[in-house]
*Asks:* 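Would you mind keeping the following structure in view while I ask a few things?
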Amino acid sequence: DLSVFIDDGIVYDGKAHKPKFEVEDDMEEIIPASHYTYKYRKNVKCGDAEIIIKIKPGDPVYSGSEKVYFSIIPKKSVIRSLSTGSGKMTVKVKSQKASGVVKYKVKYRAKGSKKWSSKSFKAKSGTKLVIKGLRKGRRYQVKVCAVASNDQNGEYSKTRISGKVS
């Protein structure tokens, strides 16, 4: 059996990621790279990326293959605009759909409150969320993060404060 050790949690930057890794045998000895081939797959967009490792055919010492996964997480989110209306607030985010993001999580709370509420929306449906049922005359704190297909969150945006809800 092969064991593979790899760095995880790489932040999306639009480039192909090829993290370094080590392969060990069942005796926990490092297998030299001359004994195996490897190939990266799905290693550009957010989500689970793969490394497929195969011991070279006819190797006199080692045998086997292994597929390992590493995460590419979304970059820090940005709130483009925040507007309020009659009992509602509209949050617009900078799109990360092209990076493989599948949804956005929006956390919000009345200014001065300790408890955050949360809503999410799919990236394919756009870049804005309307939150209804808010209290008139209150200001709200809002932050957003993007979520990859493997349910990994990117870093939350800076917290923004809304105008007063009418």
*Asks:* Check I72 against H17 and note the closest heavy-atom contact, atom names and distance.
*Replies:* CD1-CD2, 4.0 Å

*Asks:* Using modelled atom types only, decide if a donor and an acceptor are shared between the side chain of Y12 and the backbone of G47 within a distance under 3.5 Å.
*Replies:* no

*Asks:* If you look at every heavy atom in F70 and D7, which pair is closest and at what distance?
*Replies:* CB-O, 4.0 Å

*Asks:* What is the distance from atom NZ of K107 to atom OG of S117, rounded to the nearest 0.5 Å?
*Replies:* 10.0 Å

*Asks:* For residues Q96 and S77, report the shortest heavy-atom separation together with the two atoms involved.
*Replies:* NE2-OG, 3.5 Å

*Asks:* Drop me the distance from K103's NZ to K105's NZ, to the nearest 0.5 angstrom.
*Replies:* 6.0 Å

*Asks:* Nearest 0.5 Å, please: how far is CG in L82 from CZ in R139?
*Replies:* 10.5 Å

*Asks:* Would you check, one step at a time, whether the test side chain to side chain contact (heavy atoms under 4.5 Å, CB included) holds for K39 with K54?
*Replies:* CA-CA 9 Å; K39 176 171 66 172; K54 295 180 181 177; over 6 Å; no

*Asks:* Locate the shortest heavy-atom distance separating P19 from I51; write the atom from each residue and the value.
*Replies:* O-CD1, 4.5 Å

*Asks:* Dump the intermediate steps for ring-ring contact (aromatic ring centres under 6.0 Å, His included) on F21 and Y38, then the final yes or no.
*Replies:* CA-CA 11 Å; F21 60 91; Y38 60 94; 5.1 Å; yes

*Asks:* From K75 NZ over to K94 NZ, what is the distance, rounded to the nearest 0.5 angstrom?
*Replies:* 5.5 Å

*Asks:* How close do Y62 and P32 get, heavy atom to heavy atom, and via which atoms?
*Replies:* OH-CD, 4.2 Å

*Asks:* Which distance, rounded to the nearest 0.5 Å, do you find between the CH2 of W116 and the CD of Q141?
*Replies:* 5.0 Å

